[in-house]
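In what follows, a structure is listed as structure tokens, so that the remarks can point back to it.
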Amino acid sequence: MPSSAARVDSGATLAFSDVLSDDGTRLRAWTNDPDGTIEGPTVVLCNGLGTSPWTWPALLRPGCGVRVVSWNHRGTGGSDRPVDVDRVGIDEFVEDALSVMDHFSIDRAVLMGWSMGVNTMFEVAADHPERVTGLFAVAGVPGDTFSTMLGPLLLPRPAARALTVGLAHGLRLGGRALTPIAARLPVGRRAIGMLSHSGFMLPVPHPELAAAAVREFLTTPLDWYAHLALRSSEHPRVPLSRIKVPVAFVAASYDVLAGSRHMRTAAARLADATYVELRGSHFIQMEQPDRVHALLLDFLTRVG
């Protein structure tokens, strides 16, 4: 399948390739190890909805010590939309994860998830335990994500879900009109500075990568992103009794998109889980990349 490479300011080289999922949808997959020279464990990244490699500064360093493979969600970042546009939920993302693993000849691996990607990796572990050796969850919960949003406001789960799903419906209705405006927004260091002092995101040590991440995110039509979010919102909580591998949760105290207290209670219900809460927002791996990466390396050592 065709592949291409791209360099970023961090000095890392990413290789992109096309992967066909089970229903024939072409996905844009990527790895931080195009030459096969990284000496370290392989991690399959189930990324945040509609996000890109630039959201993981530590994984873009040549000496990060971890081989990462991942993909861009359907209809984002060069991946095609499916023929059936409703096939964009967590079940389809699970199919995509397995197709990417097969493409890279990965039989079993640690899965790492961020945000809605945590839903995906927990579902893979529940339905295909033979493919998973551990789960590293960053700012995400094992299902029913929308009911955990707005965590710092301490809303009841039904109220949080109703409000956030309603906002997603509004974005889907108005997204087509807003997309041309969003696509023309100038995103550089100044814009990241403003965003990182908004409370939604905290200051980041690599504003150039954050700017690249935001610019890439804004290439997705907002109505399509809202459609992805609404289909993902239908994913229920994964029964934790089906999870038989070690799990690490990395939560953020000021996360408005995945409540830390819900991550903490999930960790308490698992037999082999750890929980760490850092001072940060939903973008904790961009705000504290060294700390999150150190926790990942510790977890990889723990699972062997």
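For reference, positions follow the sequence shown, starting with 1. Computed from a prediction, not measured in an experiment: that's the story for all the values here.
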So do [Y] and [X] actually touch side chain to side chain, heavy atoms under 4.5 Å?
{"X": "V68", "Y": "T31", "result": "no"}
{"X": "L270", "Y": "F249", "result": "yes"}
{"X": "D272", "Y": "V247", "result": "no"}
{"X": "V292", "Y": "E287", "result": "no"}
{"X": "V250", "Y": "L278", "result": "yes"}
{"X": "M286", "Y": "M201", "result": "yes"}
{"X": "L98", "Y": "V124", "result": "yes"}
{"X": "V110", "Y": "F299", "result": "yes"}

Assess, by modelled atom type and distance only, whether the side chains of [X] and [Y] contain a donor and an acceptor separated by less than 3.5 Å.
{"X": "S147", "Y": "R161", "value": "no"}
{"X": "S79", "Y": "H73", "value": "no"}
{"X": "S260", "Y": "D255", "value": "no"}
{"X": "N119", "Y": "T145", "value": "yes"}

Could you tell me if the ring centre of W56 sits under 6.0 Å from that of H293? no
So, do F283 and F200 have ring centers that fall under 6.0 Å from each other?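 Distance test on ring centres: under 6.0 Å, yes.
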Under the rule for ring-ring contact (aromatic ring centres under 6.0 Å, His included), what residues qualify as partners of F146, not counting sequence neighbours?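 Residues passing ring-ring contact (aromatic ring centres under 6.0 Å, His included) with F146: none at all.
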Does the [X] side chain pair with the main chain of [Y], one donor and one acceptor, at a distance under 3.5 Å?
{"X": "S232", "Y": "L228", "value": "yes"}
{"X": "S196", "Y": "I192", "value": "yes"}
{"X": "D84", "Y": "D86", "value": "yes"}
{"X": "H197", "Y": "G193", "value": "yes"}
{"X": "T179", "Y": "L222", "value": "yes"}
{"X": "D33", "Y": "T37", "value": "yes"}
{"X": "H235", "Y": "D91", "value": "no"}
{"X": "E216", "Y": "A213", "value": "no"}

[X] and [Y]: which non-hydrogen atoms are nearest, and at how many Å?
{"X": "R108", "Y": "V132", "answer": "NH2-O, 3.6 Å"}
{"X": "D23", "Y": "R74", "answer": "OD2-NH1, 2.8 Å"}
{"X": "V66", "Y": "N32", "answer": "O-ND2, 3.0 Å"}

Looking at [X], I'd like to know if its [atom1] atom is crowded, meaning that more than 12 non-hydrogen atoms belonging to other residues, nucleotides or ligands lie closer than 6.0 Å.
{"X": "R176", "atom1": "CZ", "value": "no"}
{"X": "E130", "atom1": "CD", "value": "yes"}
{"X": "R190", "atom1": "CZ", "value": "no"}
{"X": "R279", "atom1": "CZ", "value": "no"}
{"X": "R157", "atom1": "CZ", "value": "yes"}

Is any side-chain N of the basic residue among [X] and [Y] closer than 4.0 Å to the acidic one's carboxylate O?
{"X": "D102", "Y": "R131", "result": "yes"}
{"X": "R87", "Y": "D96", "result": "no"}
{"X": "R61", "Y": "D290", "result": "yes"}
{"X": "R264", "Y": "E277", "result": "yes"}
{"X": "D127", "Y": "R242", "result": "yes"}
{"X": "D223", "Y": "R172", "result": "no"}

Membership question, hydrophobic clusters at under 4.5 Å side-chain separation (ILVMFWY): are [Y] and [X] in the same one?
{"X": "W30", "Y": "I106", "answer": "yes"}
{"X": "V88", "Y": "V85", "answer": "yes"}
{"X": "L202", "Y": "L295", "answer": "no"}

Under 6.0 Å from the ring centre and within 45 degrees of the ring axis: does the NZ or CZ of R28 meet both conditions for the six-membered ring of W71? no
Atom CE of M116 and atom CD1 of I90: how far apart are they, to the nearest 0.5 Å? 6.0 Å
To the nearest 0.5 Å, tell me how far T25 OG1 sits from L20 CG.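 Reported to 0.5 Å precision, the distance equals 8.5 Å.
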